[in-house]
Amino acid sequence: MAEFLEGLYITVLGVTVVFAVLSILAIVMYGIGWSEKRLVEKEKPKNIEEKPAEKREEVKEEKGLDEKKIAIITAAIMAYLSQKRPKEVPIKRKPSQNWWLSGLTTYVEEVENFNYEIGKW
Amino acid sequence: MAEFLEGLYITVLGVTVVFAVLSILAIVMYGIGWSEKRLVEKEKPKNIEEKPAEKREEVKEEKGLDEKKIAIITAAIMAYLSQKRPKEVPIKRKPSQNWWLSGLTTYVEEVENFNYEIGKW
Amino acid sequence: MAEFLEGLYITVLGVTVVFAVLSILAIVMYGIGWSEKRLVEKEKPKNIEEKPAEKREEVKEEKGLDEKKIAIITAAIMAYLSQKRPKEVPIKRKPSQNWWLSGLTTYVEEVENFNYEIGKW
Amino acid sequence: MGLEQALADFFNHMGLLHLTVGNIVMIIVGLTLVYLAIRYKMEPLLLLPIGISAVLVNLPFSHLANWPLAPQLPPDIQGNIFETVKYMNQHYGPPGIFDLIYYLLIKTEVVPLLIFFGLGAMTDFGPMIADPKTALLGAAAQIGVFVAMLAAILLGFDLKEAASIGIIGGADGPTTIYLTTKLAPHILSATAVAAYSYMSLVPLIQPPVIKALTTPEERRIRMEQLRPVSKREKILFPIASMIVIGLLVPSAAPLIGMLMIGNLFRESGVVQRLSKAAQEELMNIVTIFLGLGVGSTMRAESFLTAKTLMILGLGIVAFASATAGGVLFGKLMMKLSGGKINPMIGAAGVSAVPMSARVVQKLASEEDPGNFILMHAMGPNVAGVIGTAVVAGVFLSALG
Amino acid sequence: MGLEQALADFFNHMGLLHLTVGNIVMIIVGLTLVYLAIRYKMEPLLLLPIGISAVLVNLPFSHLANWPLAPQLPPDIQGNIFETVKYMNQHYGPPGIFDLIYYLLIKTEVVPLLIFFGLGAMTDFGPMIADPKTALLGAAAQIGVFVAMLAAILLGFDLKEAASIGIIGGADGPTTIYLTTKLAPHILSATAVAAYSYMSLVPLIQPPVIKALTTPEERRIRMEQLRPVSKREKILFPIASMIVIGLLVPSAAPLIGMLMIGNLFRESGVVQRLSKAAQEELMNIVTIFLGLGVGSTMRAESFLTAKTLMILGLGIVAFASATAGGVLFGKLMMKLSGGKINPMIGAAGVSAVPMSARVVQKLASEEDPGNFILMHAMGPNVAGVIGTAVVAGVFLSALG
Amino acid sequence: MGLEQALADFFNHMGLLHLTVGNIVMIIVGLTLVYLAIRYKMEPLLLLPIGISAVLVNLPFSHLANWPLAPQLPPDIQGNIFETVKYMNQHYGPPGIFDLIYYLLIKTEVVPLLIFFGLGAMTDFGPMIADPKTALLGAAAQIGVFVAMLAAILLGFDLKEAASIGIIGGADGPTTIYLTTKLAPHILSATAVAAYSYMSLVPLIQPPVIKALTTPEERRIRMEQLRPVSKREKILFPIASMIVIGLLVPSAAPLIGMLMIGNLFRESGVVQRLSKAAQEELMNIVTIFLGLGVGSTMRAESFLTAKTLMILGLGIVAFASATAGGVLFGKLMMKLSGGKINPMIGAAGVSAVPMSARVVQKLASEEDPGNFILMHAMGPNVAGVIGTAVVAGVFLSALG
Ligand code: NA
Ligand code: NA
Ligand code: NA
């Protein structure tokens with residue numbers, strides 16, 4: 001029973017502390033929120049002038065570049081890159097490295113597929 | 001010679017054990033395979049009804065979307081994304097961060113290339 | 001003052017050593033550079049015959065494949081892949097896994113955005 | 001040594017011949033956890049390593065874990081981890097890999113604290129900052145911890161065990177492991193397994209409790225849109241809460257401190273490299289060690305006791321009463337706010353992030369498909385992590 | 001202290017003046033390994049770190065590795081790693097970074113076991129599950145281990161050394177390191193270097209042996225398509241084999257256990273995060289430590305002996321006889337199966353995964369370009385990893 | 001224990017009531033570092049963890065760091081890290097996570113050396129190989145180290161402290177931490193913070209010094225295009241420099257050795273996996289530990305002294321005189337080369353890579369927008385890393 005009583009004491013202590021701590025934390029957060037609000041109000045007047053400018057710019061960009069054209073350009077760039085890349089990095093993996101590079105599985109699966117394909121014929 | 005004899009004993013023991021263990025493992029694997037087969041057979045009847053439906057769906061999808069159209073749509077989406085992304089993450093790296101971000105090299109190579117280009121003129 | 005004197009000794013020692021070491025290192029580097037130059041000169045005659053062939057090949061490839069065509073092909077491949085991939089990996093994340101997969105945030109932000117959208121109506 | 005001798009020796013040390021009933025039961029328990037993890041995706045990142053590691057350590061002579069978990073140590077070396085491992089090596093032979101993980105990485109708090117660090121880097125405290133009063137619901141849910149603790153005392157557990165059992169109701173795995181390791185290491189496997197199992201069972205445990213305590217009208221209450229939270233606030237929050245809690249409950253400082261450092265890395269925006277490492281590289285490695293280390297404590301002698309069954313039972317009590325505590329306090333806040341707060345969000349004070357928040361959302365949608373309170377439930381949800389760490393701090397300062 | 005004194009002291013500790021012939025030879029050996037790794041890509045992930053670390057530790061007074069490898073320890077602290085490091089620090093000064101890596105990460109088995117864990121996460125046991133009888137070929141190839149062991153005894157090595165040398169024939173680096181560290185740490189560098197070197201020379205060592213033991217007709221034998229293996233089977237396999245082997249050969253449990261945990265992570269599909277970590281972040285870091293730690297044991301006094309040359313020679317014997325063992329057993333299976341099995345796949349029981357399987361495929365293609373037996377060779381290949389771990393377990397239980 | 005007693009105990013250990021003025025000042029210092037790191041991105045990867053960790057350890061009883069930094073140890077255990085931690089545990093209680101990081105990872109040199117390893121994998125020595133004579137400028141900048149050392153002695157610091165303070169002028173964080181940990185651990189936090197702070201202030205500290213010592217004409221000097229450097233040269237360089245420096249200054253071998261191993265991993269091209277791990281996974285994790293560990297040494301009793309202020313002052317002296325040393329030697333080389341060398345590139349011998357090189361480029365562009373000397377400045381820049389490590393080696397051999 002002494003243990004239970006001690007448990008009760010700790011419960012009272014614990015509940016008090018956890019509520020106290022989270023209440024204080026909540027107050028601190030309200031404080032942070034309040035000061036943030038004041039700071040933002042102070043900063044706003046300056047920003048009003050800047051923001052529209054930014055927005056206009058964005059709109060312009062979007063207008064300037066026709067989506068269709070962008071699509072073609074992007075694809076072209078990608079095609080160019082995909083043509084370039086393999087040449088730049090002529091990977092010559094050694095078999096043993098495959099194992100390390102976890103390539104084993106991929107490789108195995110490749111062959112597995114290949115075998116199955118052959119199996120079908 | 002006593003050592004060699006002991007080596008022989010260990011050899012006999014070892015060869016026996018390794019064959020025994022891998023044989024038992026093989027038997028276990030045959031067991032797993034056999035129970036898998038039975039399980040699959042049990043499950044099949046149910047799946048037969050489901051699978052064709054799935055397949056049909058897939059076929060539909062593939063028919064529904066003309067590859068050419070998809071190509072254009074994809075490219076368009078990508079172009080749109082590539083247009084968007086840089087604005088979302090306006091990375092402003094500090095020089096010192098370059099070093100950490102292993103960007104040093106890239107940066108250095110960039111300049112190197114640039115220098116060489118200039119050197120040509 | 002004894003300490004300062006010792007500091008001076010160490011300074012003399014240190015400056016001497018650091019200059020000596022970096023000088024020797026510089027000489028070694030000059031040596032490496034010189035032998036590299038000789039090696040390259042030796043290797044050159046062989047390469048001359050090979051390189052043009054390579055270059056011609058590259059040029060051919062570039063001519064062979066019209067950039068426009070490549071663009072379309074690439075986009076088509078990508079579209080095909082993007083169509084394939086989601087089916088191959090039908091990820092079914094459990095909520096708790098989101099937390100681990102750091103998806104929590106993304107998820108939370110998603111909902112946040114969603115809530116704001118609703119808030120507008 | 002003749003061949004016969006060699007063979008005899010080999011067979012004498014064949015695990016098969018030394019398998020006890022206890023081992024077999026533990027192997028089955030381990031396999032069950034593996035099955036639940038794979039088949040039902042029950043917290044697989046923890047329960048899969050825990051389960052498979054339990055299987056391995058219960059194979060006799062497997063030498064992955066050679067040391068006992070709660071050894072009788074000479075009084076002068078208790079509390080000295082370096083003397084302890086030396087002593088263990090002397091008396092129980094060289095450490096297996098799981099002994100090293102358990103004694104050097106888990107018992108020293110390193111792994112649980114690094115997990116908290118990673119969790120901090122993964123957590124968005126935004127919803128709580130946007131509506132600070134919801135943090136109180138994270139406190140209310142801790143009532144379940146104390147209810148379970150008192151119940152455990154009544155069932156005959158001593159205070160330290162009872163506290164470790166109660167903390168299960170906090171629904172925070174690392175906190176449970178951290179506290180149990182310090183107060184009652186012999187029941188670590190039971191409390192850890194209970195914590196992670198019930199966390200993944202939250203969608204089953206919570207709804208009946210919530211429904212019993214709320215009316216459909218209450219569940220239908222819509223809440224105001226949360227205000228947006230600025231980057232500055234998100235940066236200030238971890239710093240402020242680390243200092244506030246550190247000054248009030250120093251024994252919670254390691255957990256809260258590491259959580260908040262992780263969160264500061266995340267929100268500061270200037271150390272993405274480190275924040276990513278905290279969430280990924282480091283987190284993954286540490287999670288592997290946590291799972292294997294905790295699983296290696298599932299030995300027949302310490303797990304297969306009536307205590308373990310009681311702990312599993314008390315775990316349910318803990319989760320249910322934590323849910324009830326949260327919901328009832330939610331009803332109080334609803335009354336005080338004039339009906340602006342949906343009392344269900346209190347249930348999310350049980351911090352199985354983000355699952356209990358999702359449960360709450362689901363129940364809200366059931367009553368009214370247009371009712372979105374998930375974000376409001378995230379506030380108590382993350383507050384519950386802090387609350388449980390604070391309670392652990394109180395336990396450590398009173399009993400540690 | 002005057003300037004002259006300072007200068008004199010400095011010169012007295014200049015490594016250049018203390019360079020022994022042994023150091024010079026070892027530096028050359030190290031540079032050769034670096035050259036082979038870079039120029040011929042011979043197992044670069046191991047041989048590059050090993051080689052460069054050997055160069056560094058042979059620069060006199062370089063303080064990266066200050067402690068001897070096989071010190072004379074007082075009998076009461078032998079086998080106690082914590083007492084050992086304390087003793088070493090007392091007698092040989094503070095540890096260099098390589099001492100810490102070697103004594104705390106390699107000698108404690110942590111690094112080899114974590115590598116096995118990663119290998120498990122990288123390995124697909126599918127081909128072996130599809131055709132379980134091929135697992136026996138993985139057993140047959142272990143004959144090479146015993147042949148080399150017996151040869152080593154005849155050459156004058158003691159039993160523990162001979163076992164460590166024999167295991168080279170298993171063609172599993174981490175197993176070799178694990179066993180040698182426990183049985184004969186003073187020859188660790190020689191066995192490790194031999195294992196990794198010959199693994200990368202498999203395409204040169206195996207073909208002549210295979211060709212000598214098989215006819216072109218045999219090499220032309222086509223094998224039936226392997227059946228597909230379900231996810232369920234792949235999940236059950238690591239669990240079952242961990243339990244089976246753990247119960248039969250407990251001393252192999254650490255190696256097999258970690259391998260199979262890794263494989264379960266891989267196949268379960270629910271812990272991709274951890275599986276990826278095992279294969280990448282953790283594996284890369286651990287590989288760096290393994291290479292540097294093993295390389296740091298290449299000291300003139302222990303490496304530049306006739307023993308090392310003999311070990312290198314015995315390594316070839318081991319690989320060749322392992323290949324022969326596998327092929328001969330393959331021929332037996334061919335006979336028993338009525339010619340359905342290509343005997344060459346037995347050579348893949350030498351587990352240099354997946355290289356020996358590729359060698360087999362290449363030889364098959366040479367005879368018949370349409371003959372695809374790579375997948376069938378993968379079965380013995382992965383079985384060979386298990387087989388070697390089992391043999392290591394037998395050695396440990398008989399000699400450890 | 002009654003409730004009153006429990007409450008009394010709890011309040012007696014509430015950190016708030018034990019906060020000293022020293023703690024408060026240190027918390028403010030820590031928060032200032034956090035602010036500078038986030039707001040002005042001053043070396044955030046180090047200063048953010050250092051700052052926040054300083055905040056945490058100054059919350060009383062926070063149990064993240066319980067052990068003193070420069071304890072009075074019995075003479076027979078000094079220099080024995082394993083005895084030391086055992087002793088600390090006995091006298092100051094179980095280690096907090098920061099104690100473990102500091103005593104086991106930083107004091108043992110592991111973390112600074114692994115950072116050097118990662119830096120090696122990140123560094124391109126190409127520009128220095130292309131024009132080896134610029135390496136001398138990396139030596140010249142070390143003069144700043146000695147100037148600051150002598151100044152420190154005059155201000156009353158002892159030799160070991162003075163050397164640790166001087167090395168700040170080398171502008172290499174890990175080298176500073178490495179040396180200070182070995183020579184004067186009680187001033188570690190001051191030298192580390194000074195090193196990283198001033199490294200990020202290089203764009204403010206260097207320009208006035210450079211401008212004062214050069215004429216606009218000199219700054220306008222254009223330099224010849226650097227020759228291309230082959231892969232072979234880049235591979236040979238780390239090997240050669242490791243051997244050369246290791247043989248001449250063995251005490252610099254750990255730093256230079258790890259740096260060059262990392263660089264060899266990078267340039268060899270055959271171990272991308274390991275090179276990536278060195279630069280990313282391992283580097284990120286180690287950076288976290290370095291920052292937290294160093295920050296945890298910022299205790300009021302050791303940081304809030306007149307010494308710290310003097311160290312911060314001497315740090316500026318070190319950076320400025322290092323810049324001056326480099327530029328003046330640059331002018332000498334300009335004269336000797338007949339005006340082919342821009343003397344400003346000497347300032348880049350201060351190795352805050354690549355910042356000081358950028359400062360030089362910026363000043364060159366200001367005078368002549370078409371003047372590109374960045375790559376030429378990268379030579380002295382990376383040479384400065386080597387130079388500082390050599391100087392640290394000299395200090396260790398003379399004083400360690
Ligand atoms: Na909680
Ligand atoms: Na093998
Ligand atoms: Na420097």
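To find a chain, count down the sequence lines: A is the first, B the second, and so on, and within it residues start at 1. Because only heavy atoms are used, hydrogens play no part in the values below, and waters and symmetry mates are left out as well, while side chains stay in.
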Chain E contact via B:Val15 - side chain, backbone, both or neither, heavy atoms under 4.5 Å: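 For B:Val15, the contact with chain E is made by backbone and side chain together.
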Of the backbone (N, CA, C, O) and the side chain (C-beta and beyond), which part of B:Leu8 lies under 4.5 Å from a heavy atom of chain E, both, or neither?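 Interface part for B:Leu8: both.
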Check chain B and chain E for donor-acceptor pairs under 3.5 Å and report each one on its own line.
unit_1	atom_1	unit_2	atom_2	d
B:Glu3	OE1	E:Leu159	N	3.3
B:Tyr30	OH	E:Lys133	N	3.3
B:Glu36	OE1	E:Ser230	OG	3.3
B:Glu36	OE1	E:Arg232	NE	3.0
B:Glu36	OE2	E:Ser230	OG	2.8
B:Glu36	OE2	E:Arg232	NH2	3.4
B:Glu43	OE2	E:Arg232	NH1	3.4

E:Met128 side chain reached by B:Met29 side chain, heavy atoms, under 4.5 Å: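 SC-SC contact between B:Met29 and E:Met128 confirmed.
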Do E:Leu150 and E:Leu154 come within less than 4.5 Å of each other through their side chains, counting heavy atoms only?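 In short, these two side chains do not touch, never coming nearer than 4.5 Å.
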What part of E:Ile386 gets within 4.5 angstrom of chain B, counting heavy atoms only: side chain, backbone, both, or neither?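 Contact with chain B is through the side chain of E:Ile386 alone.
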Exercise: identify the closest heavy-atom pair between [X] and [Y]:
{"X": "E:Ala348", "Y": "E:Ala377", "value": "CB-O, 3.3 Å"}
{"X": "E:Ala151", "Y": "E:Leu314", "value": "CB-CD2, 3.7 Å"}
{"X": "E:Val360", "Y": "E:Ala347", "value": "CG2-CB, 4.1 Å"}

What donor-acceptor contacts under 3.5 angstrom involve side-chain atoms of residues 252-262 of chain E, with partners at least two apart or in another chain?
none

Using a cut-off of under 4.5 Å for heavy-atom pairs, which of E:Ala140, E:Ala162, E:Ala130 has the most such pairs with chain B?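 Top count of heavy-atom pairs under 4.5 Å with chain B: E:Ala140.
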Among E:Leu399, E:Leu248, E:Ile245, E:Leu136, who wins on heavy-atom pairs under 4.5 Å with chain B?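 Most heavy-atom pairs under 4.5 Å with chain B: E:Leu136.
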Only counting residues at least two apart or in another chain, list the ones meeting ring pair (Phe, Tyr, Trp, His ring centres under 6.0 Å) with E:Phe125.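 So E:Phe125 forms a ring pair (Phe, Tyr, Trp, His ring centres under 6.0 Å) with E:Phe237.
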Taking only residues two or more places apart in sequence or in another chain, which ones pass ring pair (Phe, Tyr, Trp, His ring centres under 6.0 Å) with E:Phe146?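 Expected list: E:Phe395.
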